[in-house]
K.L.:
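Mind looking over this structure? Questions follow.
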Amino acid sequence: MPKVLAVSDEVVEDLWTARVRAHQVDLVLAAGDLPYDYLEFLADALDRPCVFVPGNHDADLTGYRRSSAGLWTRDGLPARYPGPTGAVNADGRVVDVAGLRIAGLGGSIRYNTGPNQWTEREMARRARRVRRRAGLRRLRDGRGVDVLLTHSPPRGCGDREDPAHRGFSCLHRAVAALRPGLLVHGHIHPHGEAVPDRTMGGTRVVNTVGYRILDIPEGRHGA
């Protein structure tokens with residue numbers, strides 16, 4: 001059962017020191033809106049891989065590609081990659097890391113002209129593509145998705161009513177189709193309130209603003 005350090009939105013000062021090594025984990029999961037050098041430090045200090053999706057306050061990472069020679073390009077031109085070095089961007093993808101299959105959908109509902117924001121219709125299209133990619137992988141090896149990593153929560157499942165913090169309704173369909181054991185999100189700051197885990201069918205929904213240590217059952221078989 002892999003153990004992960006899940007982080008998002010708020011830097012935890014104790015984690016940005018050597019004390020983070022007290023956490024015996026297999027993977028760092030980052031749900032957005034954190035300094036990229038913070039994520040690099042966590043991965044380096046723990047000597048573990050990091051999988052992330054961008055939040056609405058993060059740099060726009062769309063269009064960046066890494067060549068076989070290790071050089072980054074954007075729109076076919078050489079470019080300096082602004083994301084965290086060595087981390088795996090799962091946004092819009094399905095990745096296999098540390099024994100887990102992780103599907104990622106970063107960003108928030110569109111509320112202004114900033115990066116990593118999507119209308120409900122746009123996010124629904126992105127979620128359908130991720131579902132197709134997960135389905136193709138499942139056809140090849142029989143494995144479903146273990147974790148759905150998002151920045152925003154599903155609508156009505158721990159979100160807020162203000163325009164910037166409404167969740168996505170389409171994530172309900174994504175969860176029903178992928179049936180992950182865990183949905184990890186950020187974006188919703190508790191401001192001192194207790195934030196209980198929630199459930200959607202058989203999926204545990206966890207707000208990881210700050211940090212959480214989570215045990216994740218692997219090898220689930222989604223639809």
K.L.:
Locate the shortest heavy-atom distance separating Ser152 from Ile109; write the atom from each residue and the value.
P.N.:
OG-N, 4.2 Å

K.L.:
Report whether Leu39 and Val53 are members of the same hydrophobic cluster (ILVMFWY, side-chain heavy atoms less than 4.5 Å apart, transitive linking).
P.N.:
no

K.L.:
For a quick test of reading the model, state the closest non-hydrogen atom pair linking Val20 to Leu46 and the distance between them.
P.N.:
O-CD2, 3.4 Å

K.L.:
Can you name the residues that form a side-chain contact (heavy atoms from CB on, under 4.5 Å) with Thr150, not counting sequence neighbours?
P.N.:
Leu105, Leu148, Leu171, Leu183, His185

K.L.:
What residues form a salt bridge (Lys or Arg N to Asp or Glu O under 4.0 Å) with Asp96, not counting sequence neighbours?
P.N.:
Arg101, Arg137

K.L.:
Does any non-hydrogen side-chain atom of Val97 lie less than 4.5 Å from one of Leu27?
P.N.:
yes

K.L.:
Do Val147 and Leu29 have side chains that get closer than 4.5 Å, going by heavy atoms?
P.N.:
yes

K.L.:
If a pair satisfies side chain to side chain donor-acceptor pair (under 3.5 Å) and one of its residues is in residues 20-29, list it, with sequence neighbours excluded.
P.N.:
none

K.L.:
Return the minimal non-hydrogen interatomic distance between Gly186 and Ala31, and the atom names on each side.
P.N.:
N-CB, 3.8 Å

K.L.:
Would you say the side-chain atoms of His187 pair up with the backbone N or O of Ala164, donor to acceptor, closer than 3.5 Å?
P.N.:
yes

K.L.:
Taking it one step at a time, do Val88 and Phe52 satisfy side-chain contact (heavy atoms from CB on, under 4.5 Å)?
P.N.:
CA-CA 6 Å; Val88 177; Phe52 75 100; 5.8 Å; no

K.L.:
Find out whether Asp146 and Leu182 are in side-chain contact, i.e. whether some heavy atom of one side chain is under 4.5 Å from a heavy atom of the other.
P.N.:
no

K.L.:
Any salt bridge (Lys or Arg N to Asp or Glu O under 4.0 Å) pairs touching residues 156-165, not counting sequence neighbours?
P.N.:
Arg155-Asp159, Arg155-Glu161

K.L.:
Just so I know, are the side chains of Arg138 and Arg143 near enough to count as touching, which here means a heavy-atom distance under 4.5 Å?
P.N.:
no

K.L.:
Tyr64 side chain to Asp75 main-chain N or O, any donor-acceptor pair under 3.5 Å?
P.N.:
no

K.L.:
Please name the pair of heavy atoms, one in Thr119 and one in Phe168, separated by the smallest distance, quoted to 0.1 Å.
P.N.:
O-CE2, 4.0 Å

K.L.:
Grab the two heavy atoms, one from Leu15 and one from Leu42, that are nearest each other, plus how far apart they are.
P.N.:
O-CD2, 3.6 Å

K.L.:
Hey, could you give me each pair passing salt bridge (Lys or Arg N to Asp or Glu O under 4.0 Å) that has a residue in residues 188-197? Not counting sequence neighbours.
P.N.:
Asp197-Arg204, Asp197-Arg212

K.L.:
Which heavy atom of Gly106 sits nearest a heavy atom of Trp118, and at what distance?
P.N.:
O-NE1, 3.5 Å

K.L.:
Should we say atom OH of Tyr211 is surrounded by more than 12 heavy atoms from elsewhere, each under 6.0 Å from it?
P.N.:
no

K.L.:
Quiz question: by atom type and distance under 3.5 Å, do the side chains of His151 and Asn116 form a donor-acceptor pair?
P.N.:
no

K.L.:
Restricting to pairs with a member in residues 83-92, which pass side chain to side chain donor-acceptor pair (under 3.5 Å), not counting sequence neighbours?
P.N.:
Glu40-Thr85, Asp91-Arg126

K.L.:
What orientation do Phe41 and Trp16 show, parallel under 30°, tilted 30 to 60°, or perpendicular over 60°?
P.N.:
tilted

K.L.:
Could you go through Arg131 and Leu178, starting from their C-alpha distance and side-chain angles, then the distance that decides it, and tell me whether this counts as side-chain contact (heavy atoms from CB on, under 4.5 Å)?
P.N.:
CA-CA 7 Å; Arg131 284 158 49 191; Leu178 297 173; 4.2 Å; yes

